[in-house]
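Sequential numbering from 1 along the given sequence is applied to the chain's residues. As the structure lists them, so they are numbered: ligands from 1, and atoms in each ligand from 1. As a basis for the values below, the full set of heavy atoms in this structure was taken, side chains included, without hydrogen atoms, waters or symmetry mates.
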Amino acid sequence: MNALPRRITLLQNATLPDGSTCDVLLDGDTVAAVSPAHSFATGEAHAEAHTAARATPHAADDATLDLTGFLLLTAPADPHSHLDKALSWDAIDPPMGDLVSAILAWRAYAATMTTESIVERARAAALLMLRQGTTAVRSHVDILLGDDPLRGARALVQVRDELRGLMDIELVALAGSDVPDADIEAAIDLGIDLVGGSPHLALDPGHDLRRLLRLAERKGVGVDIHTDENLTGALTLAEFAREVRDWPADRNRSAGHCVRLGTLALDDLSDVLDEVEASNVGIISNPITNLYLQGWEHPVSMPRGLTAARAVLDRGIRFAAGADNVRDPFNPVGRSDALETASLLVIAGHLTLDEAYTAVADGARDVMALPKAGATVGARAEFLAIRATNLSDAVANASADRYVIHAGNLVAQSTVSYSVAEPTPARHPSLLETR
Ligand SMILES: [Zn+2]
């Protein structure tokens with residue numbers, strides 16, 4: 001296997017989700033042409049392709065990927081992760097439980113973390129996601145309490161800078177209601193991209209929400225707020241939407257979790273979605289973590305803890321899904337794989353396979369305000385090629401046989417080989433034969 005990253009200029013004989021097969025010509029980080037399979041193998045590339053190929057001289061073999069037997073998908077983007085928390089489950093060994101018990105276990109551990117230890121876990125978690133195909137990640141990072149509140153922020157800025165060129169990482173300052181404004185502002189000055197928080201956990205949720213929005217306005221940045229991550233209690237989404245309705249169109253605003261939204265009666269749900277629709281707030285669901293965190297108080301008929309995904313999609317509201325926590329006190333499991341999230345959206349959220357994959361790829365890129373990506377001329381060359389015949393095969397089996405392309409470079413490749421014993425029916429006569 002040649003060294004990575006490696007510039008790729010031609011993807012050959014890939015299967016698209018619509019069942020067609022194609023060749024995709026790349027010009028740097030951009031898709032230059034998408035043509036029927038073998039268009040370029042015959043040397044009869046059309047004029048646009050020739051132009052692009054000349055613009056990017058390369059050694060043909062190294063720069064071509066034969067994707068026969070692989071499904072070519074827009075690379076996933078994860079709109080809601082916590083790289084500073086990820087992979088801490090084993091070290092913390094917390095009790096299993098709900099959101100409050102996870103927060104208590106996390107806070108005790110967080111007090112002992114060094115910047116270096118956060119860097120190690122965050123880097124490992126990001127590279128796990130990249131290996132699985134996710135080339136863009138939005139991660140929240142706790143603004144901590146105590147002497148050095150910005151050590152998580154510094155760690156994640158370092159990881160973001162280290163991994164530049166391999167994946168896009170965007171950071172959100174996650175501040176509890178007890179974190180002073182000055183610490184959040186210092187995090188933004190350090191290079192954190194967005195303001196975040198979790199007002200539903202505050203004694204006065206509306207007050208904390210407005211504080212965070214005013215702070216974002218002062219700093220001229222967008223927000224991504226942990227919103228109503230509970231089955232009962234605070235419902236702040238409508239006020240959030242009203243408050244940001246007149247923001248400039250290019251200032252990002254999104255609401256993560258929105259679990260409470262999924263519990264509302266249809267009339268109330270419709271009223272809140274009117275506000276969300278009018279304000280262009282993106283809704284981010286986190287199925288694996290909320291299926292774990294919610295419902296502990298329900299011994300029977302346990303609710304699913306998801307947002308109202310169907311109603312959100314039917315309204316045409318921007319919708320995305322992420323894994324949120326991975327192997328930390330908020331979720332002990334998780335494969336860092338967007339196909340796991342897509343699978344849960346189908347099973348627990350009743351979305352179609354197309355809707356579910358869109359939520360973890362093109363939809364997530366839209367909510368994150370990233371450029372369009374995938375097999376469309378002019379789009380960014382961000383791809384996951386996975387051994388599969390179609391999308392249902394990809395989501396169901398989630399083969400580890402994958403190629404991952406970021407900005408026209410092959411940045412990860414996994415190859416799997418299986419050995420399965422041949423069936424030997426002669427040794428096991430059927431019931432019919434033994435009678
Ligand atoms: Zn979160």
Looking at R7 and D62, does any basic side-chain N land under 4.0 Å from a carboxylate oxygen?
no
Which N/O/S atom belongs to H82 and is the closest one to the Zn ion (ligand 1)?
NE2
Does R402 come within less than 4.0 Å of D337, counting only side-chain N to carboxylate O?
yes
Using 2.8 Å as the threshold, say whether any N, O or S atom from D324 sits that close to the Zn ion (ligand 1).
yes
Does any N, O or S atom of H226, backbone or side chain, fall under 2.8 Å from the Zn ion (ligand 1)?
yes
Would you kindly say whether D142 and W106 are connected by a side-chain donor-acceptor distance under 3.5 Å?
yes
Using a strict threshold of under 4.0 Å (side-chain N to carboxylate O), is an ion pair present between D224 and R138?
yes
